[in-house]
Amino acid sequence: MRILIVGNGGREHTLAWKLLKDAPEATLFVTKPNGGMIDIVEPVAIAPGDVVALAGWADAQNIDLVIVGPEAPLASGLVDRLERSGIPAFGPTKAAARIESSKSYAKDLMQRAGVPTADFASFVDLTEAQAYVRERGAPIVVKASGLAAGKGAIVCETVDEALGALESILADRAFGEAGREVVIEAFMEGEEMSVFAIADGHESVLMLPSQDHKRIGEGEVGPNTGGMGAYAPVSLSSAPLLAQVQNDIITPTLAALAEDDAEFRGILYAGIMLTEDGPRVVEFNCRFGDPETQVVLPLLKSSLLEPVLEIARGGRLGDTTLEWSPAAALTTVLASEGYPGSYPRSQAIHIPESVTGDPDVLLFHAGTKSDSSGLETSGGRVIAATGLGTTLAQAASKSREAADLIEFSGKQFRKDIGWREFARAEQSAEAG
Ligand code: GLY
C-alpha cells in the first residue's frame, strides 16, 4: 500500500510510526519529512500547503491513501481535489473544515445544534467589538476567527487587555486575514481536555482523551504555543462523561455539518472545558491535535489504518471499536530558545543512545532536519519526547529524563506536564 502523509511535524511523525506498525509493508511518502522521519519514509519535495501540486503528485504516483495532518491544506480544499481525482483521502473537505477555519461559523453551528459552548458574539467592526467588551466586562476571551496556528485565542483578564487584543487583531491584523473577524466569548472556568472523534460523516468513535499544555511557561503562564506537552489518559474522563461528550457534542455537530452539506469525514477534535455545569466546547479542530497525537496513538493497540482507510474510501464505521493499552503516556516538547517568538535554527542536536535505546521512550521529531552536518534544529517545537509507563508518574519520569538528556543549544521545555493530574492524585491521597 502506498500512503501519502501530508505535513511534517510531530503529529505526522507519530502517524507515520503508527501506520508502519499497522502495515509494516506499506510505503509511506511524506511532504518534506523532518530529520526524525527520513529513515522510515520516502520524501516528497512538495510543501504541505501546495494543494494543487500535491493532488497532481498523488494522482501520478498511484497513491492508495492520503492522510492530511495540518489544518491549512484541509481548509484550502486538498481533500476536495483528491476526491475529484478518485484518491481516497482521510480528512474533511474544505466546507467541513470550516468547523476549524472559521470560529464564527463553528459558534453559529453550535448555537443552531444546541451544542454546549460559551456565550459569544462575532464582529468585523472594531468599535462594535469594543463596545461589546465594555458591556460584558472581564475576564473575557478574544479569538481571531480564522486559522492562526493555535495562537489566535487570547484570554483577557481585564477589559483594557481585551480592548488591546481587539485592536491588535482587527486593526493591526496581528494574525493577518485570520483576524478579519473576531469571536468574543465568555470566559469558562475549568480543566480542558482534548477529544478526537474518528468520524464517517454521521457516526463517530471517540479516541482516548488527552490533555494539552498550551502556554510556554510552567503552571500555565506566558504566551500560547502550539502545545508544550500532553498526557493520556485523563482521570476525569469517565465513561459517562465521554458518553455525554459524544451524545451532546460530537453527534449533533456531525448532524449539523451534514445538514450544511458538509459531511465531516476525518478527525473531529473537540477541545472541551470541564465546567461545573458540564462539558462545554472551547473549540473544534478538523484534524489530529499536536502534541496530543504523540500520547494518544502510542496507546492505541488496535489498527488506526483500518478505520482511516474505510472512511477515506467513503465507507462507514459500522461496529468499529478501538482497543486501548491500559498504560499511560506523557510527552514533553523540547523547543528552541525564544519560541513561541523568533528563535535560532540549525543548532546541532545530540540524542544519547540511552534515550534512543529505551523501549519506554518514543521520540517524535517536529522542527528537525538531517543532512551531511547531522541532526539540527529547524523549527520552534523541535522534538516531543514521549514516555510510557504503567502509571502516569512513570511515563512522566521517562519523558522528563529524555528531555533532560537530549542536547541542543537554547533548549527549553516544561518540567510540569501533567501537573493537574498529579495534583489531583495528591489531593485524593491526602483525602484518604
Ligand atoms: N494541541 C492543540 C492543537 O493541536 O491545536
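Remember, it's 1-based here, ligands and their atoms both numbered in the order they're listed. A quick note: this is a predicted structure, and the numbers were derived from the prediction, not measured.
- Heavy-atom separations between Gly289 and ligand 1 include at least one value shorter than 4.0 Å.
- For Arg98 and Tyr105, the positive end sits near the middle of the six-membered ring, less than 6.0 Å away and at most 45° from its axis.
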Side-chain atoms of residues 223-237: list all donor-acceptor pairs with protein atoms under 3.5 Å, sequence neighbours left out, distances to 0.1 Å.
| residue | atom | partner | partner atom | Å |
| --- | --- | --- | --- | --- |
| Asn224 | ND2 | Ala153 | O | 3.1 |
| Thr225 | OG1 | Lys214 | O | 2.6 |
| Thr225 | OG1 | Gly227 | N | 2.8 |
| Tyr231 | OH | Glu421 | OE1 | 2.6 |
| Ser235 | OG | Glu421 | OE2 | 2.3 |
| Ser235 | OG | Arg424 | NE | 3.2 |
| Ser237 | OG | Val234 | O | 2.7 |

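- Residues Asp200 and Arg316 are paired through a salt bridge, judged by an N-O separation under 4.0 Å between the basic side chain and the carboxylate.
- Against a heavy-atom cut-off of under 4.0 Å, Gly226 is close to the following atoms of ligand 1: 1 (N).
- Between Pro298 and the choices Leu388, Thr293, Thr331, the side chain to side chain contact (heavy atoms under 4.5 Å, CB included) rule is met once, by Leu388.
- Distance alone, capped at 3.5 Å, places no donor-acceptor pair between the Ser325 side chain and the Leu299 backbone.
- Contacts with ligand 1 closer than 4.0 Å are made by side-chain heavy atoms of Tyr269 only, the backbone lying farther away.
- Atoms of ligand 1 lying under 4.0 Å from any heavy atom of Asp212, numbered from 1 in the order shown and given with element: 1 (N), 2 (C).
- An N or O contact shorter than 3.5 Å is missing between Lys214 and ligand 1 by distance.
- Counting heavy atoms only, Arg287 comes closest to atom 4 (O) of ligand 1 of the residues Glu292, Arg11, Glu100, Arg287.
- Near Asn285, meaning under 4.0 Å from one of its heavy atoms, ligand 1 places the atoms 5 (O).
- Under 4.0 Å is where a charged nitrogen must lie from a carboxylate oxygen, and between Arg414 and Glu218 no such pair does.
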